[in-house]
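Only one structure is covered here, and it is reproduced in the block below.
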Number of protein chains: 2
Amino acid sequence: MVDKNRRLITAHDVARLAGVSQSAVSRTYTKGASVSPATREKVEAAAAALGYRPNLAARSLITRRSNLIAVVVPSMANPFYSAVLEALSQAFELKGYRVLLFSTASNDDSDPILEDVLRYRVEAVILVSSTLSSSFAEECKQTGLPVVLLNRKNDSQTVSSVTSDNVEGGRLTANFLIAGGHQNLAFIAGNDLSSTSRDRELSFTREILSNGLPPPMREIGNFSFDGAIIATRRLLAAHQPPDGIFCANDLMAIAALNVATKEFGLTPGKNISIVGFDNIEMARWPLIGLTTYVQPTMNMVQRAVEIVSAQLSESTVAPTDHVITGSLIVRQTARLPSSGLICVGDETHWRDDPVS
Amino acid sequence: MVDKNRRLITAHDVARLAGVSQSAVSRTYTKGASVSPATREKVEAAAAALGYRPNLAARSLITRRSNLIAVVVPSMANPFYSAVLEALSQAFELKGYRVLLFSTASNDDSDPILEDVLRYRVEAVILVSSTLSSSFAEECKQTGLPVVLLNRKNDSQTVSSVTSDNVEGGRLTANFLIAGGHQNLAFIAGNDLSSTSRDRELSFTREILSNGLPPPMREIGNFSFDGAIIATRRLLAAHQPPDGIFCANDLMAIAALNVATKEFGLTPGKNISIVGFDNIEMARWPLIGLTTYVQPTMNMVQRAVEIVSAQLSESTVAPTDHVITGSLIVRQTARLPSSGLICVGDETHWRDDPVS
DNA sequence: CTGAAAGCGCTAACAA
DNA sequence: TTGTTAGCGCTTTCAG
């Protein structure tokens, strides 16, 4: 890969050794180009001898394609995000792209990220649950760069988004808890700015009110474990504590579970019910057994990749909000309703209308 | 960023608008170049008007620096890896590098990864707990590319590695369990090939034997939650089940905890002790409260970055194995020894020799 | 300090 | 199918 002068091996070097032109070398590594088997063989032999690899930077200069996708994720402390990131990385690899990673954890200055995204000439940007200013997406979009928001809706209607059905999730969870006979419900929100948290909360609250129950109590947990610990303490220490808590994500629901069990001596599924949102790996740990609304990670990622692919081939794709349906998976942290439970393999789900 | 013909804005366009030469534009964006304030101002105005960003691919062609670091991680299902990845991403960003992500989950063919690592002309490769053939590292190294193994030792002595003190961790854990009065110990290994798992096991076993206790029972959990579920069942179903289990990582220890509690009705910390290795986020969840040997993620990542930096500036850095000391953090899953406990803030640690 | 000119390593017409 | 040629957008001498 390097010669005596520590210079990288180029197609020229290979050409010289193989006794062909430099273009022949190029063609050997360009799919769909016509090279005779004889030439290809000579080139490959020489390339192997020298340890040659085409320089993608040089290629991208002329093809205008970097094969790079920028993925911007918030703190990977939330297992939901790492699962999404892994799925994205794999899905894009299959399409011949590589992921350039941008982590926004402990880094509220999004400007250097925007700058690098643009300078690296990535072909598309996936903004996962972006807490970045929505101007970020706008600025990318203005340059003609395909952008898709994953797990967050766009304020403006200029970029595409993929979310799970937050509205349905909130509604279904409310009905589930109501069907389980709960009277005093509570919601632990992510934060007030998050569209996902808001959508989940609004439909949850609406359903509760339309069932003639009092409006749910409310705390903010900042989507974090520690934040939800505090929030839950406040909730359960109230003179009229809730008998059912819906959390905007699993991490917070698990925190609530810990507080309820360890600090208040409650027994989830008996005298307190806790429901989460995401279905992260840990939700299925027997010691957790969290009842939660499933965000279908794979489907969401798949859709995001499809959107990007479409935008990459045709430049005129209207931005759309894609909503992927999830489902409520029933484990042990919430009291069971008398009907509506459906067993699927080793999982139990709950439906409003158990027709199926 | 694009003109009417959807061509990208180049330094030339900026130069024309600013009424300066293209080199002047280049200099404006090259730190350490000499441009008069007047010129710089004109260039910046024109650049802003056109939305110009320097093309890093073109730059890298001439500077031979891509500012890219390849990070190869196995499944991010293990929170330890996502924590490491996030730390790496942040540490490298501070040094002006971006992370090109390679996930090897469900992808045992490492060849396309090697190929892309080389074609993208990344400046260094970090192999996290690589299960890739060790020839991968070799091949990179041969091209002069700095490589560091993180959380895995090298078989050959050609590339640098950073691990936590696996030997000390195994030894300390054995002594901790022995001091806690355990008689029948067991080890759940990752797999037989992993150097980290082996190092932990060997020193654990050695210490047990040298204390006159019977050799520990042994199962393989494949570093995974589900694998350790099976392994633990086998262990606890034996006619002489262990009273203390040491697991090669936290994910497996948590699985063991679940089985012991939920399936065998045991009470960790009372009639069974379980110790992990990593100290992932979840280990501190009250419902888990896992006693574990801490791998100091931040220090390990920091060291890895330092090694890369050193290799990037001087090409002649001898490969070294770096061992970062961790500590045993005591929570609730293991019976306490009568001495050696040290409180540090809200954490309790254990030492062999409580001098401190 | 500034502009002209020469490439970095590659792909893409174009002729042959 | 092949080689020749002209750049892709940038940095970097080198004169001025």
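Keep in mind that the numbers below use all heavy atoms, side chains included, and drop hydrogens, waters and symmetry copies. Please read these numbers as outputs of a predicted model, since none were measured by experiment.
- Atom CZ of B/Arg16 and atom C1' of D/dG9 are 13 Å apart (whole Å).
- Interatomic distance, A/Leu85 CG to A/Ile126 CD1, rounded to the nearest 0.5 Å: 11.0 Å.
- Heavy-atom neighbours of A/Lys42 NZ from other residues, nucleotides or ligands within 6.0 Å: above the threshold of 12.
- Using a 4.0 Å heavy-atom cutoff across all strands shown, A/Ser60 reaches no nucleic acid atom at all.
- Nearest heavy-atom pair across A/Ala11 and A/Gln22 is CB-NE2, 3.6 Å.
- Of all the heavy atoms in B/Val43 and B/Tyr29, the pair that sits closest is CG1-CE1, 4.2 Å.
- One can place CG of B/Asn67 at 15 Å from P of D/dC10, the figure rounded to the nearest angstrom.
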- Message: What does the B/S/- profile of nucleotides 10-16 of chain C look like, 5' to 3', with a 4.0 Å heavy-atom cutoff to protein?
- Response: BBBB---

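- As a whole-Å value, the separation of B/Leu61 CG from C/dA6 P is 18 Å.
- Between B/Lys42 atom NZ and C/dC1 atom P the separation is 14 Å, expressed in whole Å.
- For the pair A/Ser36 and D/dT1, the criterion of a side-chain N or O lying under 4.0 Å from OP1 or OP2 is not met.
- Between B/Ser21 and C/dA4, a side-chain N or O to OP1/OP2 separation shorter than 4.0 Å is absent.
- Computed from coordinates, the A/Glu41 CD to D/dT1 C1' distance equals 16 Å when rounded to whole Å.
- B/Glu41 CD: 12 or fewer foreign heavy atoms inside a 6.0 Å radius.
- Summarising the geometry, the separation between CZ on A/Arg119 and C1' on D/dC10 is reported as 13 Å, rounded to the nearest angstrom.
- Atom NZ of B/Lys141 has more than 12 heavy atoms from other residues, nucleotides or ligands within 6.0 Å.
- Summarising the geometry, the separation between CZ on A/Arg64 and C1' on D/dG9 is reported as 9 Å, rounded to the nearest angstrom.
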